[in-house]
A.B. asks: 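Questions regarding the structure given below will be posed in turn.
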Amino acid sequence: MKIHYSDILGMEKPVFEEGLEYAKQLDTQDPIASYRLKYHIPKQENGQEFLYFCGNSLGVQPKSVEKYMLQELKDWQNLGVEGHFHAKNPWMPYHEFFAEKLAKVVGAKPNEVVVMNTLTTNLHLMMVSFYRPTANRYKIVIEKGAFPSDKYAVDSQIRFHGYDPATSLIQLEPRAGEETLRMEDIEATLRQNGEEIALVMLGGVNYYTGQYFDLEQITKIGHEIGAMVGFDLAHAAGNVQVQLHDWDVDFAVWCHYKYLNSGPGSIAGAFVHQKHLNNPDIPRFEGWWGTNKETRFQMGPEFEPMASAESWQLSNAPVFSMTPLLASLELFDEVGMTKLNQKSRLLTSYMEYLLGQIDSDRIRIITPSSSKDRGCQLSIQVKNSDKALFNAITERGVIADWREPDVIRVAPVPMYNSFEDVYRFVTILKECL
Ligand SMILES: *Cc1c(COP(=O)(O)O)cnc(C)c1O
């Protein structure tokens, strides 16, 4: 083979070769290929693995999760309440075991991140603190076609404060005939409405198109116009390399069941920038797990915040929904976001290359073609909303997902998908076309 993995690793537009043999060669040269073996890839009835491309929706299970879960069950059996202090991983400070590793995943300082609740809950809690509308400045900016839960959350926050979403919500919309947003248009909207915008809250990577926004630039402009800036990183965390602290983002929230492989409905995450920690002007909804841990068990009546995102915690740790994340973060920590990102760019570009070889006008990729504007998801638009194509590939052992009205989302996840997976998927798609 002429083209070597390391030659194309840093290329903005890598060049590839055709054929299954080439895909297999890339796999043998992939430095993190062995991590696939640390995950359960779901199997078909005939015992063969599915071609699993749905890590953007529910990541597969790390094999180590079982051991971690059994440990908690055993500690509960043997120790009862004493497990709070004497479990292998004591439950009392359980949330603290995540901060350091998770901070690396989202580019934060350990005291800026916390695992708690679920995603939409955290989005509300963050808006309680960072959406503080006034008579002149009360608008929220979101992307049109945001994930519905985010839209419901911002609409209801606007109403909760006595405003009307019809006049208080600005939705960023692509130009006619385009699928994704242009940074210049985002900037123009922010500047035109600058004095009225209280909060800019976008999905870091749009769930539908897979577009990864320029979060650093949006944060900068948001601050220039005097707004708070927060992101929903559901499709970004563990997928793209964000630097929340350095980019000066005010807050962020995300879930861990997508790219972070922690199981259905598992515990979510939140980030609060250091500059807001210990700031008495930022109000929050409070609970006992947010108060100073040194004095928490004196059970006093006054809340004493800590200089940490932990102060946004309400309740004691839901250990069983957190345990899989402990197992998963260990693997993310071993590999690191840099290596994952390098492979991700190659793997996704490879899929894009193979899809480009298909001679059919029935499909079209709507995800941006530049690596810096996307993560590992490609959204394939199907002409005439023809779901039969999706059904056909599903029948052939591909797990992807269909999003109304007309898109098949596929996510070649660098942690466990191979170049061969990608090759086989595109071959099946081609045959079904
Ligand atoms: C997956 C996802 C959600 C789901 O919210 P939950 O509270 O975890 O059910 C919300 N918003 C976005 C952008 C998502 O991608």
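Positions are given from 1, in the same order as the sequence printed here. We count ligands from 1, going down the list as the structure has it; atoms in each ligand are counted the same way.
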A.B. asks: In this structure, are over 12 heavy atoms from other groups packed under 6.0 Å from Glu224 atom CD?
C.D. replies: yes
A.B. asks: For the salt bridge (Lys or Arg N to Asp or Glu O under 4.0 Å) test, which of Arg374, Arg345, Arg364 pairs with Glu352?
C.D. replies: Arg374
A.B. asks: Using a 3.5 Å cut-off on N or O atoms only, is Tyr207 in polar contact with ligand 1?
C.D. replies: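 By distance alone, the answer is no.
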A.B. asks: Within the 3.5 Å criterion, strictly below it, is a donor on Gln71 or Asp75 matched to an acceptor on the partner's side chain?
C.D. replies: yes
A.B. asks: Tell me which protein heavy atom sits closest to atom 7 (O) of ligand 1, plus the residue, atom name and distance to 0.1 Å.
C.D. replies: Thr120 OG1, 2.6 Å
A.B. asks: Name the closest protein heavy atom to atom 12 (C) of ligand 1, giving the residue it belongs to and the distance to 0.1 Å.
C.D. replies: Phe147 CG, 3.3 Å
A.B. asks: Side chain or backbone, does Ser149 bring an N or O within less than 3.5 Å of an N or O on ligand 1?
C.D. replies: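 No, Ser149 has no N/O under 3.5 Å of an N/O on ligand 1.
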A.B. asks: For ligand 1 and Tyr257, I'd like to know whether there is a polar contact (N/O to N/O, distance under 3.5 Å).
C.D. replies: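 Yes, since at least one N or O of Tyr257 sits under 3.5 Å from an N or O of ligand 1.
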A.B. asks: Of the protein's non-hydrogen atoms, which lies at the shortest distance from atom 14 (C) of ligand 1, and what is that distance?
C.D. replies: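 I find the closest protein heavy atom is Lys258 NZ, 2.8 Å.
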A.B. asks: May I ask you to list the atoms of ligand 1 that are less than 4.0 angstrom from any heavy atom of Ala234?
C.D. replies: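 The atoms of ligand 1 under 4.0 Å from a heavy atom of Ala234 are 2 (C), 12 (C), 13 (C), 14 (C), 15 (O).
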A.B. asks: Does any N or O in the side chain of Ser328 come within less than 3.5 Å of the main-chain N or O of Leu260, such that one atom is a donor and the other an acceptor?
C.D. replies: yes
A.B. asks: Below a 4.0 angstrom heavy-atom separation, can you tell me which part of Asp150, side chain or backbone, both or neither, approaches ligand 1?
C.D. replies: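 For Asp150, only side-chain atoms sit under 4.0 Å from ligand 1.
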A.B. asks: Counting C-beta onward and ignoring hydrogens, is there a side-chain heavy-atom pair between Tyr163 and Pro133 closer than 4.5 Å?
C.D. replies: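 Result yes, sub-4.5 Å side-chain heavy-atom pair found.
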A.B. asks: Would you say the side-chain atoms of Thr291 pair up with the backbone N or O of Glu304, donor to acceptor, closer than 3.5 Å?
C.D. replies: yes
A.B. asks: For ligand 1, is there an N or O atom under 3.5 Å from any N or O atom of Thr118?
C.D. replies: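 N/O-N/O distance under 3.5 Å: no.
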